[in-house]
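Every value quoted in this text rests on a predicted model; they were computed, and no experiment measured them.
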Amino acid sequence: MTLVAGADFGTLSVRVTIMDTGSGAALASASAAYPLHRDPADPLVARQSHDDQMTALCEAMRDAIAEAGIDGTEIAAFAADTTGSSVIPLDAQLQPLADYYLWCDHSAHSEAAEITARARTEKIEALDWCGGTYSHEWGYSKLLHFLRNNPEQRARFATAAENCDMIAATLCGITDPAAMPRSVCAMGHKWMWGARWGGLPPQDFLSRVDPLLDGVNDKITGRWGHSLQEAGRLSPEWAAKMGLRPGIPLPFGAFDAHWDAIGTGCRPGDVVNVVGTSTCIIALADPQSRPVPGICGAVPGSVAPGAIGIEAGQSATGDLFDAIARRAGTDVASLCAGLTGRAPGSSGLLRLPWDNGDRTVLVRPDLGGITLGWDLAHTPADEMHAAIEGMAMHVGLIIDRMSSGGTEFTRVINAGGIPQKNDVLNQIYADVLGREVHVPERSPVGVGACVFAAMAAGTFAGLTEAQAAMCPPTRVFSPRPETAGAYAELTDLFRDVYFAFGEGTPCDLGHVLPSLRRFRLGH
């Protein structure tokens, strides 16, 4: 029996999972919260303290050890994933100069627009592999915002780090920027890093965006690696705080959704929807696949070596369902309870789920939700059904866009917290997408981190073997053939409206409402 531990750092808390690699059983799972700092005067701000995260990690680890009833020194390896792009500016000793700009901090929208415009003008190849648009949620945007708005800190600024890399460096006692572990996952998806063009994007390009970025690439130094490589060994200081044995290995970290995908047992050709308040979509593509516009990056080795990891997403999913229920004075479960067996489009509503903007494929945070087809008899349950259909059709567009890079995607895995308690959603996704939808029987959160900890401990010969031993089995939702024709027609309507309102593509909007009325009347 080999015991390993993994931590999943989320927006509001960290969860530690302890697993037995022999049986694949999760022996314990414990979480501890930390505050998210918002600014009442600026809704774009979302910051978080590194010290708060580390305090919570130690609390959660000790609680998990107690729950498992083990001696913490029995744990053979530890791994951690985090949100991203969550960026922290550091001094020459890797001490924070400020809080993390958390993934949901959107302060850097102007900086992102400037980076995108300059990269398009100069035809920077790295931008193509980012989907053609650089995001306000990503590394250089946030770093430039920090440098512009904190002039008193510029002299002390030595480097910046992603959350997952800062956690690894701290736990391993690394204090030299030149030794900072840099995750290929984090740097590839959020910092335009790629071996194909020699690493980070050209320094002269960044300097032309803003002279404050002069020399910045010389400061983004360290050791670059993927999640099957060792970032370092647990320091005595942090081993004592966490109740673990010093010297155990830690792999390079990664983003939570990428490791959650591994925790579902994903393989090449799979699409994993990590469905929570928003949806992060992770896919494993052929190493020869091409860049795809409108996605959140395609990075070799970001999820697993030997495949290109593709990231996409939806800016609001569970948040949207909650908003519909809240306006109705009820909850999501109650609204969904009566939706089983409803015919495709039977509400007569078409819902474009842009209530928090569009992350993929239009990359437009300035869009708003649209519901077409209302009549006087519609109910909140009708809107919920249409919203789930809209989410599924949007995922279909995203899969089509990802497939344009040259990889066929045949299986969908619905992970995250929502699919395990919403079978209506899973069946609608299967029907709309025309693919099997696999749902893990228990939460895969933390499993991916434990899989990579097990690999760091040398327990398994390969990642596939580790997944087979440790990932939960899945329930399968198969598409119902009798829904195929109706959902094909509804998806065509959705596609027309999506691109008409989202990018101004001409289409005949005059047929949309009559078509929805036909669905409503069952014709």
Quiz item: Can you tell me how far CG of D400 sits from CZ of F409, rounded to the nearest 0.5 angstrom?
Solution: 11.0 Å
Quiz item: What are the two closest heavy atoms between M402 and A312, and how far apart are they?
Solution: SD-CB, 4.5 Å
Self-check item: Which residues share a side chain to side chain contact (heavy atoms under 4.5 Å, CB included) with Q420, sequence neighbours left out
Solution: V439, P440, S443, P444
Quiz item: Could you walk me through whether Y498 and E503 pass the side-chain contact (heavy atoms from CB on, under 4.5 Å) check?
Solution: CA-CA 8 Å; Y498 180 92; E503 61 181 20; over 6 Å; no
Quiz prompt | ring-ring contact (aromatic ring centres under 6.0 Å, His included) partners of residues 143-172, not counting sequence neighbours, each pair once | solution = Y101-H145
Quiz item: Between S235 (side chain) and L171 (backbone), is there a donor-acceptor pair under 3.5 Å?
Solution: yes
Quiz prompt | Electrostatic pair R15:D63 at N-O distance under 4.0 angstrom | solution = no
Quiz prompt | Distance, nearest 0.5 Å, that separates CD1 of I262 from SG of C450 | solution = 13.5 Å
Quiz item: Is N217 reaching over with its side chain to a backbone N or O of P202, donor-acceptor style, under 3.5 angstrom?
Solution: no
Quiz item: Does atom CD of E408 have more than 12 heavy-atom neighbours, drawn from other residues, nucleotides or ligands, at distances under 6.0 Å?
Solution: no
Quiz item: Can you name the side chain to side chain contact (heavy atoms under 4.5 Å, CB included) partners of V272, sequence neighbours left out?
Solution: A261, T264, C266, V274, I413, A415
Quiz item: Applying side chain to side chain donor-acceptor pair (under 3.5 Å), which residue pairs with at least one partner in residues 240-254 are found, sequence neighbours left out?
Solution: E237-K241
Practice problem: Flag the pair I18 / V4 as yes when at least one side-chain heavy-atom distance between them is below 4.5 Å, and no otherwise. | Solution: no
Exercise. Answer yes or no: is there a donor N or O on one side and an acceptor on the other, between the side chain of E122 and the main chain of A119, under 3.5 Å?
Key: no
Exercise. Among residues two or more places apart or on two chains, list those pairs meeting salt bridge (Lys or Arg N to Asp or Glu O under 4.0 Å) that have a residue in residues 357-370.
Key: R364-D366
Practice problem: Kindly determine whether E230 and R223 satisfy salt bridge (charged side-chain N to carboxylate O under 4.0 Å, His left out), including the steps that lead there. | Solution: CA-CA 10 Å; E230 187 177 296; R223 299 175 296 113; over 6 Å; no
Quiz item: Salt bridge between R118 and E111, side-chain N to carboxylate O under 4.0 Å?
Solution: no
Quiz item: Quick one: salt bridge (Lys or Arg N to Asp or Glu O under 4.0 Å) pairs with a partner in residues 258-286, sequence neighbours left out?
Solution: D270-R411
Quiz item: Is a side-chain N or O of S403 found less than 3.5 angstrom from the main chain of I399, in a donor-acceptor match?
Solution: yes
Self-check item: Any donor-acceptor N or O pair under 3.5 Å, side chains Q203, S207
Solution: yes
Practice problem: Any chance you could measure C280, atom SG, to D256, atom CG, to the nearest 0.5 Å? | Solution: 7.5 Å
Quiz item: So, for F252 and H226, which heavy atoms are closest and what is the spacing to 0.1 Å?
Solution: CB-O, 3.4 Å
Quiz item: What salt bridge (Lys or Arg N to Asp or Glu O under 4.0 Å) pairs are there with at least one residue in residues 80-109, not counting sequence neighbours?
Solution: R47-D105, D91-R156
Quiz prompt | Considering all heavy atoms, the nearest Q314-S278 contact | solution = O-CB, 3.2 Å
Quiz item: CE of M242 to CE of M61: how many Å apart, nearest 0.5 Å?
Solution: 3.5 Å
Cut-off 3.5 Å, no hydrogens considered: what does the side-chain donor-acceptor table look like for residues 178-186, sequence neighbours left out?
| residue | atom | partner | partner atom | Å |
| --- | --- | --- | --- | --- |
| R182 | NE | T221 | O | 2.8 |
| R182 | NH1 | A160 | O | 2.6 |
| R182 | NH2 | T159 | OG1 | 2.8 |
| R182 | NH2 | A160 | O | 3.3 |
| R182 | NH2 | T221 | O | 3.2 |
| S183 | OG | C185 | N | 3.1 |
| S183 | OG | A186 | N | 3.2 |
| S183 | OG | G253 | O | 2.9 |

Practice problem: Identify the heavy atoms of G318 and I418 that sit nearest to each other, and give their distance. | Solution: CA-CD1, 3.5 Å
Exercise. Not counting sequence neighbours, which residues clear side chain to side chain contact (heavy atoms under 4.5 Å, CB included) with A500? List them please.
Key: C507, L509
Practice problem: Pick out which of V292, V361, I295 makes a side chain to side chain contact (heavy atoms under 4.5 Å, CB included) with S404. | Solution: V292
Quiz prompt | Qualifying residues under side chain to side chain contact (heavy atoms under 4.5 Å, CB included), relative to P291, sequence neighbours excluded | solution = D128, W129
Quiz item: When Y100 is tested against each of Q48, H50, E162 for side-chain hydrogen bond (donor to acceptor under 3.5 Å, both in side chains), which residue passes?
Solution: H50
Exercise. For Y134 and M192, indicate whether the former's side chain and the latter's backbone hold a donor-acceptor pair under 3.5 Å.
Key: no
Self-check item: Heavy-atom closest contact (C471 atom, G265 atom, distance)
Solution: SG-N, 3.6 Å
Exercise. Please find out if less than 6.0 Å separates the ring center of W103 from that of F255.
Key: no
Practice problem: Using the test ring pair (Phe, Tyr, Trp, His ring centres under 6.0 Å), find all partners of W238 that sit at least two apart in sequence or belong to another chain. | Solution: none
Quiz item: Does T360 use its side chain to pair, donor to acceptor, with the backbone of G313 at less than 3.5 Å?
Solution: yes
Quiz item: Distance-only, no hydrogens or angles: does the T407 side chain make a donor-acceptor pair with backbone N or O of A285 under 3.5 Å?
Solution: no
Exercise. Please examine the side chains of V216 and D214, heavy atoms only from C-beta on, and report whether any two atoms are closer than 4.5 Å.
Key: no
Quiz item: Cut-off 3.5 Å, side chains only: do E137 and S135 have a donor facing an acceptor?
Solution: no
Exercise. Give the minimum heavy-atom separation between W259 and A449, together with the two atoms involved.
Key: CE3-CA, 3.5 Å
Quiz prompt | Nearest-0.5 Å distance, OG of residue S31 to CG of residue L57 | solution = 12.0 Å
Exercise. Please work out which of the three classes, parallel, tilted or perpendicular, describes the rings of W193 and W224, given edges at 30° and 60°.
Key: parallel
Exercise. Report the C-alpha separation of H189 and W138 in whole Å, then their side-chain angles, then the decisive distance to 0.1 Å, and conclude whether the side-chain contact (heavy atoms from CB on, under 4.5 Å) test is met.
Key: CA-CA 8 Å; H189 283 285; W138 297 352; over 6 Å; no
Exercise. Please answer whether the main-chain N or O of F9 pairs with a side-chain N or O of Q53 as donor and acceptor at a distance below 3.5 Å.
Key: no
Quiz item: Do L102 and T11 have side chains that get closer than 4.5 Å, going by heavy atoms?
Solution: yes
Self-check item: salt bridge (Lys or Arg N to Asp or Glu O under 4.0 Å) partners of residues 194-203, not counting sequence neighbours, each pair once
Solution: E125-R196
Quiz prompt | Atom pair CE/CG of M391 and L425 - distance to nearest 0.5 Å | solution = 9.0 Å
Quiz item: Do the side chains of M187 and I220 get nearer than 4.5 Å, heavy atoms only?
Solution: yes
Practice problem: Output yes when a side-chain donor or acceptor of R351 lies under 3.5 Å from a complementary backbone atom of A387, and no otherwise. | Solution: no
Self-check item: D210-Y140 side chain donor-acceptor pair, cut-off 3.5 Å
Solution: no
Practice problem: Taking the side chain as every heavy atom from C-beta outward, state whether Y34 and T55 have any atom pair closer than 4.5 Å. | Solution: no
